[in-house]
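The structure under discussion appears below in the form of structure tokens.
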Amino acid sequence: MNSVILLIFLCTQIFFLRFPHANASENFAVGINTLWQVRRDYGENPFFRYTPELFAQTYFDLSSPVFLRPGLRISYAWEQPEMPQSLGVLETDFVACAEVGLVYDWFIVPSFTFGTGINFRTTKLSVKAPIDADSDKISGSERLMLTYAQIGIGIPIENGRVLIEPMLRFQRLELDDRSWLSFGVETSAGF
Amino acid sequence: MKTKACLLILCGAIFISACRKAEKASFPYTAQVLAFAGVDAATDAANFKLTTKTFSTLRNLDGLDGDHLKITRGGELAIKQINGSLIDPGSFKAGQSPSLRYKISNGVVIPKDYTTLAMLSAYFQFDTVFTELQQRLGITATDLFKGQSSEKFETLFEPKITLESDLSSVDAIIKLNAAFVPKDWQFILFRRSAVEHVPLAANLQVVAHEFGHAVFQRYVFDSKWDENDRFQQEYAMRGLNEGLADFISYTYTGSGDILRASMNFKNPAHGANIADYRSFKKYRFSFAEYLSPTVGDEQPKCDGEFYCIGSIFARGLYDAAENLVNSNILAREQFAPALIAALPGILDEMKNQPIPDNAPVEASDSKGEFDKWVIAQFLNGLIKRMPATTQNVLCETFTAESSFGSTGFPTDFRLVCGAQP
């Protein structure tokens, strides 16, 4: 499923219009991030959780070639770690973030971004025979604060109109220390 | 200006985040856990309930540390050999803090993710075992831990596993198992699997079975681990160890269907249900049938190797206990304590018996003729140490052809039960 989504996204990049990206006083960009969270669900082995993101960014020329890049980001994660058939605690996460980054416009485009947001988590208990639950105190929802620092190396193509940016994110989620690291590839197009 | 606004928002977020504190719970802890909820008398099937329970021996919730058990999360364990649910370990690296995630609601600890639920539930099963130790098995924790440096088992939850040999080591992911490490007095709760139904780590039947191995190690081997002692590794002794562990599981739950609630699927090799062979009350086969080779597509009577010896032994103990109870010779709750009290001394007596000339030089790891000698000597020692009023029933049970019979308990090797003068 994740491979199909990635393939569809990559194919759609062919049809992006030619818009200016960096090298302008103000520019906007939208994009998608194919992200995996490294989450400590199992005792010692990690669980890699696919978490696609959509984002929108704008560029402000601080002092060329350094740009300020604030942005907004949303993501949704639905994948679950392996659990037994008769007992499970299913978590889905919707995240909305605001961020600000510094970008150096060069033949590659390194960036450093700092962000914060809210993780809207829904938790659902799943039980099947031979297990019975006399009540469900586990299911529910909560809002958790998220902060992160992200580094990326952007590869501009189409004269900088499209930016492909492998990234590494170090994050802290309130009351949940399972996942402190994510990695992915962002693809954005300017207009 | 825009940069300052962004930085202000960020600082505010960090401040708000730091202000929110987790609630605290205190001893005795009450939590939502998976608990054993009885047996269906008709089918011998176990039932389970996710419910609120109070821990008796847990002293430190966040550390999952109590009177007789501490659970750590992860860690790294190198394994030289796995014999069913007994492990011969290599090196070991301690795990980390459990890092439980929970909320407190009306004083009850409510898990917020599966791993926390599984760890709390696992601890609760051990808590049940220790709380009912005297009542079920007639032993105290002090006596159980005699010879150990502390009165506490260490338990690794989902550790990283490396399989070691003389030539190499390889990382492995082991699922569908729980184990006891006799050398280090540890329990290992392996990684959960989507093939499981009731998680093995949170199933009292499985936890009590693993605890049964600790009982065997304590009272048969006097808590010692000696890799040069052939009887520690001997195929038939491993089987008897498994049988006692199954019987101890039954003593705690009343169900002889040890595995089905957690592992209920067919062996692809021959289509038989893997849980059937370990269901010692319902699925009956003799030692002679266990030895018989299968013909063509015929399903083996038991393909669990030394576990088959264990099932016959566990069934014999169960049948004898039922017979004694029905004959008003012994109360049901007296049998297990008498059984455990009879274990010390058996091994020394076995070692004093002359080993047959055709016995393997080292401990055997597959079935063979020497199994019969081992089984016979163990039964000799056990039966003569049981209360006199129980010995006739035990003899009748284990000498019956439906049990070990003349094949597994040969008359030539008997010192009790109609031994030759």
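Lettering follows sequence order; numbering is per chain, from 1.
B/Gln32 contributes atom CD, which lies 8.5 Å from atom CG of A/Leu125 (distance to the nearest 0.5 angstrom). Atom CZ of residue B/Arg192 and atom CG of residue A/Leu87 lie 10.5 Å apart, to the nearest 0.5 angstrom. A/Ser86 contributes atom OG, which lies 9.5 Å from atom CD of B/Glu196 (distance to the nearest 0.5 angstrom). Considering CD of A/Gln80 and CG of B/Asp113, their distance stands at 11.0 Å, rounded to 0.5 Å. The distance from atom CZ of B/Arg191 to atom OH of A/Tyr42, rounded to the nearest 0.5 Å, is 4.5 Å. Note that OG of B/Ser105 and CD1 of A/Ile138 are 11.5 Å apart. Values are rounded to the nearest 0.5 Å.
A/Arg40 has its side chain within reach of B/Ser99: a pair of non-hydrogen atoms, C-beta onward, lies under 4.5 Å apart. Here the side chains of B/Arg73 and A/Glu44 are not in contact, with every heavy-atom distance at 4.5 Å or above. The shortest side-chain heavy-atom distance between B/Val198 and A/Ile131 falls under the 4.5 Å cut-off. A/Glu82 places a side-chain heavy atom less than 4.5 Å from the side chain of B/Ser193.
Contact annotation for A/Asp136: neither backbone nor side-chain heavy atoms come within less than 4.5 Å of a heavy atom of chain B. With a 4.5 angstrom heavy-atom cutoff, B/Ala46 touches chain A only via backbone atoms. Heavy atoms closer than 4.5 Å to chain B are found in the side chain of A/Glu142, but not in its backbone. Neither the backbone nor the side chain of A/Leu90 has a heavy atom closer than 4.5 Å to any heavy atom of chain B. Contact of B/Leu200 with chain A is not made at all, since no heavy-atom distance falls under 4.5 Å.
The shortest heavy-atom contact between B/Pro159 and A/Asn45 is O-OD1, 4.5 Å. Between B/Thr52 and A/Lys137 the shortest heavy-atom distance is OG1-NZ, 4.1 Å.
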Checklist entry - When you look at B/Arg101 and A/Asp176, which way does the side chain to side chain contact (heavy atoms under 4.5 Å, CB included) test go after all the steps? => result CA-CA 7 Å; B/Arg101 296 182 57 250; A/Asp176 186 349; 3.4 Å; yes
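A salt bridge does not link B/Lys112 to A/Glu91: none of the charged side-chain nitrogens sits closer than 4.0 Å to a carboxylate oxygen.
Heavy-atom contacts from other residues, nucleotides or ligands closer than 6.0 Å to NZ of B/Lys282 number more than 12.
By a heavy-atom distance cut of under 4.5 Å, B/Tyr114, B/Thr115, B/Leu117 are the residues of residues 114-122 of chain B near chain A, going up by number.
Contacts with chain B were tallied for A/Gly88, A/Gly43, A/Pro81; A/Gly43 has the most, counting heavy-atom pairs under 4.5 Å.
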